[in-house]
Structure formats: structure tokens, C-alpha cells
Amino acid sequence: EVQLVESGGDLVQPGGSLRLSCTASTSTGICMGWFRRAPGKEREGVALITPRGVYTYYADSVKGRFTISRDNAKNRLYLQMDRLKPEDTAMYYCAADFSPCGSAGLRAAASGYWGQGTQVTVSS
């Protein structure tokens, strides 16, 4: 079992930035990423990063604005969010064990484990 705890969610203005962090009980060799859930909308895979951090994948809606990274030595996963938009408002979840570990897995927004979520609200 992989336990995940997210942090960093906040209320920010449009155009602002925010960095989400996730602390995992273990991360080595695990495909990890983030998905989000907005009220009344389906779950959406946001970003995914391969076990060694060599490859990253993003949803079209956030491409160019969000950056996913990881530090396996610290069992940490990050999501840097820039130029935030109101439509980015959602509960963001750290997730582990995506399969496949690529664009297909991201689109499916399916993972074996996820955290409790951290709320991101973008509003003026």
C-alpha cells in the first residue's frame, strides 16, 4: 500500500501560481501523478511522471502552465501551477501506480492509490 498526503492548496487569483506537494510512504519505482475533481465534473488526469522522472505527461487543459516533478530521495511529488485560471478550481489528488505509465494512463485518470486531496480555488 502507498500512502499519500497532499498539501499546498489555497485560494489564489487568476494568473497566480501555486505549488502542490505530496509526501508518499514510498515512491521508488512507482508511476505517480495528479488528478483533479471539480464539482459537477468528471475526474481528470492532470499530470503524470515516470518512476525516474525522465518523462512527463499533461492534460491538454494544463499543458504549458503546469509542471510535475518528483524527488524520490524525499518521497515527494510536486505540481507547480502557473497562470492559473478559474477553471483550474478543483480538489487535487496525488496519485500513485498509474497504469500504463504514460498518456493513456493519464487520460484514464486511474491509479491504485490516492491521497485525501487538497483544494485549489482560483478566483478574483
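The residues of the chain are indexed from 1 along the displayed sequence. Computed from a prediction, not measured in an experiment: that's the story for all the values here.
The side chain to side chain donor-acceptor pair (under 3.5 Å) test applied to R76 returns T23, not counting sequence neighbours. Taking S17 as the reference, Q80, D82 meet the side-chain contact (heavy atoms from CB on, under 4.5 Å) condition, with sequence neighbours excluded. With sequence neighbours left out, the side-chain contact (heavy atoms from CB on, under 4.5 Å) criterion links A96 to V2, L4, I30, M32, Y113. Remark: S61 pairs with R36, E44, A59 by the side-chain contact (heavy atoms from CB on, under 4.5 Å) rule, at least two apart or across chains. A search for salt bridge (charged side-chain N to carboxylate O under 4.0 Å, His left out) contacts involving R65 returns D88, not counting sequence neighbours. The ring-ring contact (aromatic ring centres under 6.0 Å, His included) test applied to Y93 returns F35, not counting sequence neighbours. Under the side-chain contact (heavy atoms from CB on, under 4.5 Å) criterion, S69 pairs with Y78, sequence neighbours left out.
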Considering only distance and modelled atom types, tabulate donor-acceptor pairs under 3.5 Å from the side chains of residues 117-124, sequence neighbours left out.
unit_1 : atom_1 : unit_2 : atom_2 : d
T118   : OG1    : G9     : N      : 2.9
Q119   : NE2    : A90    : O      : 3.4
Q119   : NE2    : T121   : OG1    : 3.4

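Separating the OG1 atom in T56 from the CZ atom in F66 is a distance of 14.0 Å, to the nearest 0.5 Å. Atom CG of L20 sits about 9.5 Å away from atom CG of L77, to the nearest 0.5 Å. Put simply, CZ on R70 and CD1 on I68 are 8.0 Å apart, with the number rounded to the nearest 0.5 Å.
Linking ILVMFWY residues whenever their side-chain heavy atoms come closer than 4.5 Å, directly or via other members, leaves M91 and V12 in distinct clusters.
Remark: side-chain polar atoms of S27 are not paired, donor with acceptor, to backbone N or O of A24 under 3.5 angstrom. R83 places a side-chain N or O within donor-acceptor distance of the main-chain N or O of G64, the cut-off being under 3.5 Å.
Applying the salt bridge (charged side-chain N to carboxylate O under 4.0 Å, His left out) test to every pair with at least one member in residues 3-23, sequence neighbours left out, gives no pairs at all. Screening residues 73-124 for disulfide (SG to SG under 2.5 Å), with sequence neighbours left out, gives C22-C94, C31-C101.
Contact record, V5 with Q116: CA-OE1, 3.6 Å, taken as the closest heavy-atom pair.
In this structure, Y57 belongs to a hydrophobic cluster whose other members, linked by side-chain heavy atoms under 4.5 Å apart, are L48, V54, Y55, F98, L106.
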task = Let me see the working for L79 and Y92 under side chain to side chain contact (heavy atoms under 4.5 Å, CB included), right down to the final yes or no.
result = CA-CA 10 Å; L79 184 67; Y92 284 70; 4.2 Å; yes
